[in-house]
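So you know, we letter chains A, B, ... as the sequences are listed, proteins then strands, and number each from 1.
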Amino acid sequence: MDPHAKPDFETPAGREARYGEFVSLLARHDQSIRRFVRSLLPSNQGVDDVMQETALECWKKYESFTPDNAEDAVDEFIRWACVIARYKVLSWQRDSSRDRLVFRESVIERLAQDAMQNLEQRERERKAIETCLGQLDADQRRLVLSVHSPGESIAKIAEETGVKTRRLYSKVNALRKRLLDCVQGRLVEEL
Amino acid sequence: MDDTIRNLIFQAIDQTISADDFEVLQDAIERREDVRAEYLRAINLCESIGEIATESAGDLHGDLHGGPPQRNAAPASVLDDATQWTWQRLAIAAAVLALVGGVAYWFGQSNDADAPQWVDVNQDLLEEPEEALIAGHATLRSAVDLRWSNDSLAFREGDVLPNGVLQFDEGIAEIDFFCGATLIVEGPATLDVESDWSVRVVKGRLRASVPPAARGFIVKAADSEIIDLGTEFAVEVGDDEARVEVIDGEVKLRGGRHDGDHLVTGEREWLKGSQSRPDAFKGLSTLSDVQRRREDAQIQQFEGWKTYSQQLRTDDRLIAYYPIAESDAERVIPNRASSGPELDGILVGPVTRADGRFGAASTALEFDRPGSRVRTRIDGAFDAFTFACWVRIDSLEHRYNSLFMGDGYENGEPHWQLHEDGRLMFSVMVDDTPGAGLGPAEDSRLHRIYFTEPIWDVSKSGKWLHLAAVYDPVARQVNQFVNGEPISSEPITDQFHVKTLRIGTAEIGNWGQPLRNSPWFAVRNLNGAIDELAIFNAALSREEIQTLYEQGKPLGY
């Protein structure tokens, strides 16, 4: 028997082996898929739902996922899952299109197209972001992180420093822009 | 990349963008590749910052003056230890391998800890309290002729039902569990609500309807668990017997004498006691029975209120009376007090007609858009005020949310509104001379706001409330009431004592014209509806307010 042959869905043992393989791929790439989904939704709201539905759908269709060779399987899996995720985002969008701040379909399509081209960049970007964050001084870093830290908030910093919330917030955005430029610079440098 | 677009991108990510700007941003994303690229970069940046912030949360304070956040110290870090991470995840996954739904659930939830707290930005900006949480597992959707047992907590229609025992002696309750299952319970009944997905029947008859989304809902009776595998079944539990019958679909029994049995449409089983009464389920109420009974009861209630309202309008202490519920609310709401059509309210802007508190047969006015208001002009001088209204509040979205507001808030004029934190506010202007006030502003005017404790939170969203405020210059008291119960009583001190009260031009549900010569107006429209408002030139007693509530309350109160 060919040791590289995929276990099939016919026998219970084969099915279980396929399932194990599927779960392992999913576990390894859920962050990338999640990031892709997040790019198409205006907020974190809905990301969990879409991810769940995507996972289920991927498993249902997993039989049809047949990468050409084992080396490509990893990359192909992300792409394949993101195509499914894109459909799930669109159907989520249809259900919640009357809510405030939901992208229209045409915008989601275009963003998905572009986001698909950068799926592998996530780790490099993350490293660049860490480096750039490291270049800020401690107070600036705390401010930028505060927006997303449990137990931290702009309001708290505002109280401590006596600077108005709104001013702090525009400082956060200025820092974010600086980080964006810094990250962009580093990524270009690496190429 | 120009700065304006970048700001819009961050506002969108933080969910603080206005609807118009969001359109502008969407257009730009659609048309320009560079905007798309920038948007995706910004999302990545913010998400990564979120991850880093969460991972280094523990170190952040100690790290303030140190080096960069010590991400490497975090053992669960995704990138640093991918192998370990994967195996951890797989171990968790293995535990739920039995069901595909299991892994999907795990997959969807697994990143909660990493999810950046975007909402914080909004909260910081608005300086609002933390995200609201409501504890409970179900809602009392309708209550027909329901009489709660003496030692049981009593709930009203629309109430969220918490963990614990519900007990009523008669009537029918329709209970929606958050998982989607609906129970129609006939009294006398005792239930123990255990979770979104399970309930124990101690006593009573009920019909459970379980849509596909709620499959797996469990009703416990005697020593058995009835697990729904789809659609509808009936349960009856008495002192010595308990039984279940599947009306449509399938259930599985767990525990007790029939452990492991499946029952399908038409099958029944005794979980306890003997098969003494084969026809016990005949006549068990269906959803449409409940609805019909409810509609009948509602119409009766509506008719009862109309009769009372006819009598109320002859009260010569009334300044104005707007029984909106009985009107068609075209463009005018008639004043039914003896003061007559001069004081009719005029609908201005996008006021919309909605169902009143007696259901579709009755009318309410909704003020959910900023331009919505009902204007009126009530001249004259008064000795006391009582304001009483029925209101449905959907949310308190503005800092101040209007019930009844005098336009200019000049001497003797009232303001009746709700603060965003749920407190009722009633006030009368004492001295409108700029500078007379105690506030920090140079032109502040002298008045005193009488606050109640918070009477509203999001759990009361959409429910009808009877509110009343009494300004009594003789007894020097301000009394406020919710659903006929006094909730606040404060003395009027000399400094804030006003003997001559006025109204003048005023608005219901908004405060549109505070400064007559300015195009600016504060956004204070009520996100909700009003279907009755009475204003008296008198300080009504506690008993009288109670009567207004009792005679006017809708079904299920």
- [ ] Take B:E47 and A:R34 through the test salt bridge (charged side-chain N to carboxylate O under 4.0 Å, His left out) and record every step on the way to the result.
- [x] CA-CA 10 Å; B:E47 288 287 310; A:R34 172 172 285 267; over 6 Å; no
Task: ring-ring contact (aromatic ring centres under 6.0 Å, His included) partners of A:W80, counting only residues at least two apart - done: A:F65, A:F77
Task: A:R176 CZ to B:N7 CG distance, which is reported to the nearest 0.5 Å - done: 10.5 Å
Task: Under 4.5 Å from any heavy atom of chain B - which part of A:E109 - done: neither
Open item on the list: Are the side chains of B:I29 and A:F103 in contact, using a 4.5 Å heavy-atom criterion?
Closed with: yes
Task: Step-by-step salt bridge (charged side-chain N to carboxylate O under 4.0 Å, His left out) determination, B:R6 to A:D181 - done: CA-CA 12 Å; B:R6 276 182 150 185; A:D181 291 337; 2.5 Å; yes
Open item on the list: Test salt bridge (charged side-chain N to carboxylate O under 4.0 Å, His left out) on A:K177 and B:E38; report intermediate values, then the result.
Closed with: CA-CA 10 Å; A:K177 285 172 206 161; B:E38 186 74 359; over 6 Å; no
Task: Any side-chain heavy-atom pair of A:R35 and B:S48 under 4.5 Å - done: yes
TODO: Return the option, out of A:Q184, A:Q117, A:Q135, A:E125, with the maximum number of heavy-atom pairs under 4.5 Å with chain B.
DONE: A:Q184
TODO: Pick one of side chain, backbone, both or neither for A:L180, based on which atoms fall under 4.5 Å of a heavy atom in chain B.
DONE: both
TODO: Assess whether atom CD of B:E33 is packed by more than 12 heavy atoms of other residues, nucleotides or ligands within 6.0 Å.
DONE: no
Open item on the list: Just to verify, what does A:E160 make a side chain to side chain contact (heavy atoms under 4.5 Å, CB included) with, not counting sequence neighbours?
Closed with: A:R142, A:K156
Open item on the list: Given heavy-atom pairs under 4.5 angstrom as the criterion, report whether the side chain, backbone, both or neither of B:L40 touches chain A.
Closed with: side chain
Task: Within 6.0 Å of CZ in A:R104, more than 12 heavy atoms from elsewhere - done: yes
- [ ] Report the C-alpha distance between A:R126 and B:N44 in whole Å, list the side-chain angles of each, state the deciding distance to 0.1 Å, and finish with yes or no for side chain to side chain contact (heavy atoms under 4.5 Å, CB included).
- [x] CA-CA 8 Å; A:R126 160 83 181 234; B:N44 263 327; over 6 Å; no
TODO: Carefully, step by step, assess B:R36 and A:Q113 under the rule side chain to side chain contact (heavy atoms under 4.5 Å, CB included).
DONE: CA-CA 10 Å; B:R36 281 197 292 284; A:Q113 241 171 37; 5.8 Å; no
Open item on the list: How long is the straight-line distance from CD1 of A:I129 back to CG of B:L45, given to the nearest 0.5 Å?
Closed with: 5.0 Å
Open item on the list: At a 4.5 Å cut-off on heavy atoms, which part of A:I108 comes close to chain B: side chain, backbone, both, or neither?
Closed with: neither
- [ ] Start with the C-alpha gap between B:R41 and A:V183, add the side-chain angles, then the distance that decides, and say whether side chain to side chain contact (heavy atoms under 4.5 Å, CB included) holds.
- [x] CA-CA 9 Å; B:R41 277 197 292 267; A:V183 169; 5.9 Å; no
- [ ] Compute the centroid of each ring, for A:Y169 and then for B:F10, and state whether the two points are separated by less than 6.0 Å.
- [x] no
Task: Any donor-acceptor pair under 3.5 Å from A:R110 side chain to B:E30 backbone - done: yes
- [ ] Show your working on side chain to side chain contact (heavy atoms under 4.5 Å, CB included) between A:L179 and B:I49 and close with a plain yes or no.
- [x] CA-CA 10 Å; A:L179 287 170; B:I49 291 178; 3.9 Å; yes
